[in-house]
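Single-structure report; data block below.
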Amino acid sequence: MPDQMTGEPRPPTAHRGEAAAHWVTMPGNLEKSIAPIEYGPALEAYEEPKNSKLLLAFMLLVFGILVFSIPIWSFEWIWDWWPPCMVFGLPLLQYRKSLGDRVLAGARWVQQRDKWISTYEITKIRSTTVGLNRASKIEDVHGNKLILVLRDAQMNPLLWNLVYNGIAHSVANGNCDISKAARRILKV
């Protein structure tokens, strides 16, 4: 088990099946941890770049305009109240929601959005999806529950190594109830 303050010794490289990117945690990008201080500080983080979030919002806006304009070959829909609300509101809501999408990990815990779990005390793992992404429903001995989007966690290899090491430790201890699907996807 790594030291909770430094994360040393760092765990070995874990299998990454959902993301092959090599994101690196930027200095000063580790604040806003909600894990108790006794679990140690955040060591790694991943947050999708703002440019990607803006690009997705813009693509949703263009798609909405096309959906309402192409069938009637005009922009008459702009004078009704609900089409503009949808066309401009959905990208805005999606962008606002994406601002909170961030994964933080310490030597013994992981956090996504405002939920966290102790990775070395996991009692239950199930496979699920969030949108088009694979995810894991994870619960620890303290009753903390988290839905971890695997793609987000695996974008930063050092973050995923910390998380995967804790998952593998919990499963090896024998106190973790893990589904067959989750075992296959996580390769533990």
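As the structure is a prediction and not an experimental result, all values here were calculated from the model.
- Under the 4.5 Å side-chain heavy-atom criterion for grouping Ile, Leu, Val, Met, Phe, Trp and Tyr, I65 is connected to W81 within one hydrophobic cluster.
- Summarising the geometry of A35 relative to W109, their closest heavy-atom pair is CB-CD2, 3.5 Å, with the distance given to 0.1 Å.
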Query raised in the report: Between Y120 and N165, does a side-chain hydrogen bond (donor to acceptor under 3.5 Å, both in side chains) hold up when you go through it step by step?
Result: CA-CA 8 Å; Y120 283 83; N165 197 45; 2.8 Å; yes

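- Note that CG of N175 and CD of E121 are 10.5 Å apart. Values are rounded to the nearest 0.5 Å.
- When the side chains of ILVMFWY residues are joined at heavy-atom separations under 4.5 Å, either directly or via intervening members, I138 and V188 end up in a single hydrophobic cluster.
- Checked by atom type and distance alone, the side chain of E139 never pairs as donor or acceptor with a backbone atom of I122 at under 3.5 Å.
- Between F58 and V62, the closest side-chain pair of non-hydrogen atoms falls below 4.5 Å.
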Query raised in the report: Between K145 and D140, does a salt bridge (charged side-chain N to carboxylate O under 4.0 Å, His left out) hold up when you go through it step by step?
Result: CA-CA 7 Å; K145 297 177 182 177; D140 68 10; over 6 Å; no

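- Scanning both residues, Y39 and S118, for their nearest heavy atoms gives CE2-OG, 3.6 Å.
- Considering every non-hydrogen atom in both A135 and I147, the closest pair reads CB-CG2, 3.9 Å.
- By the rule that hydrophobic residues join a cluster once side-chain heavy atoms approach within less than 4.5 Å of another member, V171 and I117 end up as members of one cluster.
- Under the 3.5 Å distance criterion, the side-chain polar atoms of T119 are left unmatched by any main-chain donor or acceptor of I167.
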Report task. Evaluate side chain to side chain contact (heavy atoms under 4.5 Å, CB included) for Q112 paired with V149, printing each intermediate quantity in order. Result -> CA-CA 8 Å; Q112 185 154 22; V149 177; 3.8 Å; yes

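- Between the CG atom in L61 and the CG atom in L54 there is a gap of 12.0 Å [rounded to 0.5 Å].
- Test V103, V110, L150 against W160 for side-chain contact (heavy atoms from CB on, under 4.5 Å) and you get one pass: L150.
- Q94 is not listed as a side-chain neighbour of L90, based on a closest heavy-atom distance of 4.5 Å or more.
- Note: I185 CD1 to I125 CD1 = 11.5 Å, rounded to the nearest 0.5 Å.
- Salt-bridge check for R102 with D152: failed, with every basic side-chain N at 4.0 Å or more from each acidic carboxylate O.
- Among residues at least two apart or in separate chains, there is no salt bridge (Lys or Arg N to Asp or Glu O under 4.0 Å) pair with a member in residues 78-91.
- Note that the CG atom of D114 and the CG atom of L146 stand 10.0 Å from one another [nearest 0.5 Å].
- For the atom pair S170 OG and I178 CD1, the distance stands at 9.5 Å (nearest 0.5 Å).
- Between S136 and T128, the closest side-chain pair of non-hydrogen atoms is not below 4.5 Å.
- A donor-acceptor pair under 3.5 Å links the side-chain atoms of R126 to the main chain of D177, judged by distance alone.
- Taken from CE in M86 to CG in L60, the straight-line distance is 11.0 Å, to the nearest 0.5 Å.
- Between the side chain of S179 and the backbone N or O of A182, at least one donor-acceptor pair lies under 3.5 Å.
- With hydrogens and angles ignored, the 3.5 Å screen pairs no side-chain donor or acceptor of Q154 with any backbone N or O of N156.
- W116 has its side chain within reach of P36: a pair of non-hydrogen atoms, C-beta onward, lies under 4.5 Å apart.
- Considering every non-hydrogen atom in both L104 and A45, the closest pair reads CD2-CB, 3.4 Å.
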